[in-house]
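If you read the sequence from its start, that first residue is 1, and numbering goes on from there.
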Amino acid sequence: HDISTLNIVLLYFSKTIEDFIFLDELMLIKAASNGHFKLIPVTTQEQVDRLLHGRINKELISKEVPDLLSRRVAICGPEEFMKNSLNQLQ
């Protein structure tokens with residue numbers, strides 16, 4: 001697919017590095033996207049070199065997606081995660 005007309009930011013949270021699904025494939029898409037796809041993997045239960053660590057919060061969102069208010073947002077994951085994410089976006 002041609003993503004040259006898109007500007008996508010994916011904040012991708014997982015407990016551990018092993019829990020990420022398709023992380024290698026997403027990194028390949030990022031590498032080929034010429035900056036149109038920003039991938040931000042974040043682990044919540046382990047610290048990994050070159051990845052962010054912590055739970056979703058307003059500070060992380062503001063730092064990584066400063067133009068959030070001009071974007072469409074989609075959230076998926078366990079119900080508690082989605083509720084917490086929505087609270088952080090308000």
Side-chain angles (χ1 to χ4, degrees):
H1 294 295
D2 178 21
I3 64 169
S4 64
T5 61
L6 302 175
N7 184 335
I8 299 167
V9 177
L10 175 59
L11 289 169
Y12 189 12
F13 288 82
S14 189
K15 292 178 182 178
T16 68
I17 189 79
E18 291 84 22
D19 292 329
F20 284 111
I21 300 170
F22 298 117
L23 184 58
D24 291 338
E25 292 84 350
L26 290 167
M27 292 177 128
L28 289 172
I29 293 169
K30 175 186 174 184
S33 75
N34 292 321
H36 293 277
F37 178 65
K38 183 178 179 184
L39 173 64
I40 306 161
V42 184
T43 55
T44 60
Q45 292 187 2
E46 73 175 348
Q47 292 192 339
V48 178
D49 288 343
R50 297 176 293 153
L51 295 185
L52 295 177
H53 172 72
R55 297 199 171 272
I56 192 164
N57 60 65
K58 289 180 184 182
E59 293 78 24
L60 184 141
I61 295 169
S62 297
K63 180 181 176 203
E64 299 299 331
V65 194
D67 60 345
L68 177 73
L69 295 178
S70 66
R71 294 181 172 274
R72 282 191 250 169
V73 176
I75 302 170
C76 69
E79 187 173 344
E80 250 341 277
F81 175 81
M82 291 190 298
K83 285 180 185 177
N84 186 37
S85 298
L86 286 172
N87 287 337
Q88 298 301 317
L89 292 171
Q90 295 177 351

### Message
Can you tell me how far apart CE (M82) and CG (N87) are? Round to the nearest 0.5 Å.
### Response
12.5 Å
### Message
Please determine whether residues I8 and F22 belong to a single hydrophobic cluster, defined as Ile, Leu, Val, Met, Phe, Trp and Tyr linked transitively by side-chain heavy-atom distances below 4.5 Å.
### Response
yes
What donor-acceptor contacts under 3.5 angstrom involve side-chain atoms of residues 32-44, with partners at least two apart or in another chain?
{"from": "S33", "atom 1": "OG", "to": "K30", "atom 2": "O", "distance (Å)": "2.9"}
{"from": "S33", "atom 1": "OG", "to": "G35", "atom 2": "N", "distance (Å)": "3.4"}
{"from": "S33", "atom 1": "OG", "to": "H36", "atom 2": "N", "distance (Å)": "3.4"}
{"from": "S33", "atom 1": "OG", "to": "F37", "atom 2": "N", "distance (Å)": "3.1"}
{"from": "H36", "atom 1": "ND1", "to": "S4", "atom 2": "O", "distance (Å)": "3.3"}
{"from": "H36", "atom 1": "ND1", "to": "L6", "atom 2": "O", "distance (Å)": "2.8"}
{"from": "H36", "atom 1": "NE2", "to": "S4", "atom 2": "O", "distance (Å)": "3.4"}
{"from": "K38", "atom 1": "NZ", "to": "E64", "atom 2": "O", "distance (Å)": "3.0"}
{"from": "T43", "atom 1": "OG1", "to": "E46", "atom 2": "O", "distance (Å)": "2.4"}

### Message
For residues 13-29, which residue pairs pass the salt bridge (Lys or Arg N to Asp or Glu O under 4.0 Å) check, not counting sequence neighbours?
### Response
none
### Message
Test: ring-ring contact (aromatic ring centres under 6.0 Å, His included). Region: residues 53-90. Which pairs qualify, not counting sequence neighbours?
### Response
F13-F81
### Task
Just jot down the ring-ring contact (aromatic ring centres under 6.0 Å, His included) partners of F20, sequence neighbours excluded, or say none.
Y12
### Query
Taking all atoms of both residues into account, what is the closest heavy-atom pair of V73 and I75, and its distance?
CG1-CG1, 4.0 Å
### Task
Kindly compute the distance separating CG (L51) from CD1 (I17), expressed to the nearest 0.5 Å.
4.5 Å
### Shared hydrophobic cluster for L69 and L89 (ILVMFWY, side-chain gaps under 4.5 Å)
no
### Task
Indicate if V48 and L10 have the same hydrophobic cluster label, given that clusters are the connected sets of ILVMFWY residues with side-chain heavy-atom separations under 4.5 angstrom.
yes
### Query
Which pairs, with at least one residue in residues 74-87 and sequence neighbours excluded, count as a salt bridge (Lys or Arg N to Asp or Glu O under 4.0 Å)?
E79-K83
### Task
Go through the structure and list residues passing side chain to side chain contact (heavy atoms under 4.5 Å, CB included) with R71, not counting sequence neighbours.
N7, V9, V65, D67
### Query
Going only through I, L, V, M, F, W and Y residues with side-chain contacts under 4.5 Å, is there a path from I21 to M27?
yes
